[in-house]
Amino acid sequence: MNTGQYGSCQQCGRPIDLQRLRIVPHSRYCARCHHAEDTRRAAIEPTGSQKSGGSGEDGCWSR
């Protein structure tokens, strides 16, 4: 907030949807970039590995 970046995606710079910010106020990425990052991470994880339970960086539960 102090730097004026709150509500802007750190990846693409677009505004983060207000509904998303209401649910996860500390979101760093818009839904589109968050999904792309999840997809990228899944692609580089070794086959057969499982993500540990719990919440991710933006408070969403692992899928």
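Computed over heavy atoms, backbone and side chain alike; hydrogens, waters and symmetry mates excluded.
Of the inter-residue distances, the one linking Arg14 atom CZ with Cys30 atom SG reads 6.5 Å to the nearest 0.5 angstrom. Distance CZ/Arg32 to NE2/His34: 15.0 Å, rounded to 0.5 Å. The line from OH of Tyr6 to NE2 of His26 is 9.5 Å long, rounded to the nearest 0.5 Å. Within the model, atoms OG1 of Thr39 and CD1 of Ile44 stand 11.5 Å from one another, a figure rounded to the nearest 0.5 Å.
With contacts defined as side-chain heavy-atom distances shorter than 4.5 Å, the pair Arg22/Gln19 does not qualify.
A salt bridge links Arg41 with Glu37: the closest approach of a Lys/Arg side-chain nitrogen to an acidic carboxylate oxygen falls below 4.0 angstrom.
No donor-acceptor pair under 3.5 Å is formed between the side chain of Tyr29 and the backbone N or O of His35.
The minimum heavy-atom distance linking Cys9 with Ile16 is given by the pair N-CG1, 3.7 Å.
Dense packing is recorded around CD of Gln10, with more than 12 heavy atoms of other residues, nucleotides or ligands lying under 6.0 Å away.
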